[in-house]
Amino acid sequence: MKKVILTAIALLTLVACNKTADDNEFKVYGWYGWSEKVSTDSLAQLFAQWKAHGLTGVCVQAGGFNTERIQTAARIAHEQGLEYHAWIPTMLQHGKDSTWYTVNRLGLSAYNPENRAYVTYYATLDPRNPEVVAWLTEQYSAVADIPEVDYVQLDYIRYADVVLSEGLWKKYDDQIHHLWCDTIDGQRRIHEYPGADYCYCDECLKDFQEKTGIDIRERMAKGDDPADIAQWNQYRQDQVTQLVNTITEAVHAKGKKVSADVFPGPESHAVWMVRQEWNRWNVDLFMPMNYNDFYLQPASWVGTITQEEVESTERPVVSGLFICHDWQHKADIVDPEGSGLLPSEIAEAVNGARKAGAAGISLFTPASMTDEHWQALEEAMK
């Protein structure tokens, strides 16, 4: 009898150990935008290749809320043994009612392409608008109804970058000009770009005044900088948080999970750059975009920022890595959005994220990975 009991205990211990190992698996995800130019057969081949390279799951942009294409891509991912995240840019929507769009500090609506900050596709919706909230919740609920979808993925779930990452300043200098930095009491201060400071629509300003008693237009008329009004900043953060949690509740009701692509931090960057106070979100998995070159930082920064992120939430954090495809000519690349990690930097970034407590990494993008990158990743994953 004693031998039977000991055997049972050993089996239970083995099961427990295996469960712990599975739960603690360091996962690798990849991002991909599936266009009509790529056949389903080609997509299956790509997914098979990435699976062979160790990917756990894929985050696929399959045409916004196009449920038919999402279902197809998700089915193919599952056939290759990959977890599927339905990657959808949340607040970037075109062709909606003009009242749905954010208005910047200059009084210009993002409904008009000529008014949009930085690039014409920044058609940003207002997260406070009840019609926007209802429509987005309905759309994500429909995606969650697709059996093959494991996660709905919230991308661009924020306002426009009121402050760009420093690596992009030169690229957009024709817009932001000299507004960025000065020194006050010995401290470097980065100013907000008024053309990307949202939302100043009548409804948002009225709602804020009713909640706080503060008239933003009156304060601006007196010469106050809105960026210095803490309640106003918090109000915008709250609008994003409330939208995220509303969508998340609806998706959870469908029995599905939610992942979110966020800026690094949140306190060190996301909160003041794009109003993402994401440690208050009820999503299941965070994928911060820890793209070190965008912040003029070395690969070692990935571990440092990941530690902040892991400590900010009890939910899993997957550290996003930006890959430089033309890495042999990186020094000659002018556009920072063509930069990224060299093969020689992969190990430092991966190990830094792992040691900081990340649940995994995500590659933006696997298509940018060269043979040298894959080899470096394989060695790092050992």
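Because the structure is predicted, anything quoted here is derived from the model rather than measured. Numbers here simply count residues along the sequence, with the first being 1.
The aromatic ring centres of Trp232 and Tyr200 sit less than 6.0 Å apart. Between Phe322 and Phe364, the distance separating the two ring centers is shorter than 6.0 angstrom. Proximity of the aromatic rings of Tyr172 and Tyr193 is defined here by a centroid distance below 6.0 angstrom, and this criterion is not met. Between Tyr29 and His85, the ring center distance clears the sub-6.0 Å criterion.
A donor-acceptor contact shorter than 3.5 Å links the side chain of Asn233 to the backbone of Ala227. Remark: side-chain polar atoms of Thr306 are paired, donor with acceptor, to backbone N or O of Val302 under 3.5 angstrom.
Summarising the geometry of Ala144 relative to Val251, their closest heavy-atom pair is CB-CG1, 4.1 Å, with the distance given to 0.1 Å. When all heavy atoms of Leu43 and Tyr32 are compared, the closest pair comes out as CD1-CE2, 3.5 Å. Here the shortest heavy-atom pairing between Gln242 and Thr246 reads O-OG1, 2.8 Å. For the pair Asn104 and Pro194, the tightest heavy-atom approach, listed with the atom from each and the gap, is CB-O, 3.7 Å. Among all heavy-atom pairs drawn from Ala77 and Tyr84, the shortest one is CB-CD1, 3.7 Å. Residues Leu341 and Asp293 come closest through the heavy atom pair N-OD2, 4.1 Å.
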**Q.** Intermediate values then yes/no, side-chain contact (heavy atoms from CB on, under 4.5 Å), Cys204 and Arg236
**A.** CA-CA 9 Å; Cys204 282; Arg236 267 89 57 84; over 6 Å; no

(Q) What verdict does the ring pair (Phe, Tyr, Trp, His ring centres under 6.0 Å) test give for Tyr121 and His94, after you've listed the backbone C-alpha separation in whole Å, the side-chain angles of each residue and the deciding distance to 0.1 Å? (A) CA-CA 8 Å; Tyr121 65 80; His94 296 79; 7.9 Å; no

Q. Run the salt bridge (charged side-chain N to carboxylate O under 4.0 Å, His left out) check on Lys254 and Asp145 step by step: do they pass?
A. CA-CA 7 Å; Lys254 301 282 186 176; Asp145 280 330; 3.3 Å; yes

Q: List the steps, then state whether side-chain hydrogen bond (donor to acceptor under 3.5 Å, both in side chains) holds for Trp281 with Thr248.
A: CA-CA 9 Å; Trp281 298 0; Thr248 299; over 6 Å; no

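Looking at heavy atoms from C-beta onward, Val103 lies out of side-chain contact with Asp126 at the 4.5 angstrom threshold. Within the 4.5 Å cutoff, the side chain of Leu136 has heavy atoms near those of the Ile247 side chain. Counting heavy atoms from C-beta on, the side chains of Asp225 and Arg219 never come closer than 4.5 Å. Residues Pro343 and Trp327 meet the side-chain proximity criterion, which asks for heavy atoms closer than 4.5 Å. Side chains of Pro264 and Tyr295 form a contact here, defined as non-hydrogen atoms less than 4.5 Å apart.
At a threshold of 4.0 Å, the pair Asp215-Arg217 does not count as salt-bridged, since none of the basic side-chain nitrogens sits closer than that to a carboxylate oxygen. Under the 4.0 Å criterion applied to side-chain N and carboxylate O atoms, Asp197 and Arg275 are assigned as salt-bridge partners. Of the charged side-chain nitrogens involved, at least one lies within less than 4.0 Å of a carboxylate oxygen, so that Lys171 and Glu337 count as a salt-bridged pair. Between Lys206 and Glu203, no side-chain nitrogen of the basic residue sits less than 4.0 Å from a carboxylate oxygen of the acidic one, so the salt-bridge criterion is not met. Using a 4.0 Å cut-off between charged nitrogen and carboxylate oxygen, Lys330 and Asp326 do not count as a salt-bridge pair.
Ring-plane geometry between Phe47 and Trp50 is classed as tilted, the angle between the planes lying from 30 to 60 degrees on a 0 to 90 degree scale. In this pair, Tyr140 and Phe65 present their aromatic rings perpendicular. The plane angle is above 60°, beyond the 30 to 60° band.
In summary, the side chains of Asp41 and Ser39 do not present any donor paired with an acceptor at a separation below 3.5 Å, with no hydrogens or angles considered.
Rounded to the nearest 0.5 Å, atoms CD (Glu131) and CG (Asp97) are 6.5 Å apart. To the nearest 0.5 Å, atoms OG1 (Thr241) and CZ (Arg280) are separated by 4.5 Å. Taken from CG in Asp261 to SG in Cys59, the straight-line distance is 7.0 Å, to the nearest 0.5 Å. Taken from CG in Asn290 to CD in Gln297, the straight-line distance is 11.5 Å, to the nearest 0.5 Å.
Geometrically, Arg354 engages Phe26 in a cation-pi contact, judged by NZ or CZ lying under 6.0 Å from the ring centre and within 45° of the ring axis. Both cation-pi conditions hold for Arg158 and Tyr156: the charged atom is under 6.0 angstrom from the six-membered ring centre and inside a 45 degree cone around its axis.
Taking hydrophobic clusters as Ile, Leu, Val, Met, Phe, Trp and Tyr residues chained together by side-chain heavy-atom distances below 4.5 Å, Leu164 shares a cluster with Met273. Under a hydrophobic-cluster definition in which Ile, Leu, Val, Met, Phe, Trp and Tyr are linked whenever side-chain heavy atoms come within less than 4.5 Å, directly or via other members, Ile216 and Tyr159 are assigned to different clusters. Both Val133 and Val258 are assigned to one and the same hydrophobic cluster, defined by single-linkage of ILVMFWY side chains at heavy-atom distances under 4.5 Å. Hydrophobic clustering, with ILVMFWY side chains joined whenever heavy atoms are under 4.5 angstrom apart, keeps Leu296 apart from Trp272. Each of Tyr235 and Val162 belongs to its own hydrophobic cluster when Ile, Leu, Val, Met, Phe, Trp and Tyr are linked at side-chain heavy-atom distances under 4.5 angstrom.
Taking the salt bridge (charged side-chain N to carboxylate O under 4.0 Å, His left out) definition, one finds that Glu79 meets it with Arg75, sequence neighbours left out. Not counting sequence neighbours, Asp332 has no partner by the salt bridge (charged side-chain N to carboxylate O under 4.0 Å, His left out) test.
Atom NE2 of His53 has more than 12 heavy atoms from other residues, nucleotides or ligands within 6.0 Å. Surrounding CD of Glu36 are at most 12 heavy atoms belonging to other residues, nucleotides or ligands under 6.0 Å away. The number of heavy atoms from other shown groups lying within 6.0 Å of OH (Tyr111) does not exceed 12. Summarising the local packing, NZ of Lys256 is surrounded by more than 12 heavy atoms from other residues, nucleotides or ligands at distances under 6.0 Å.
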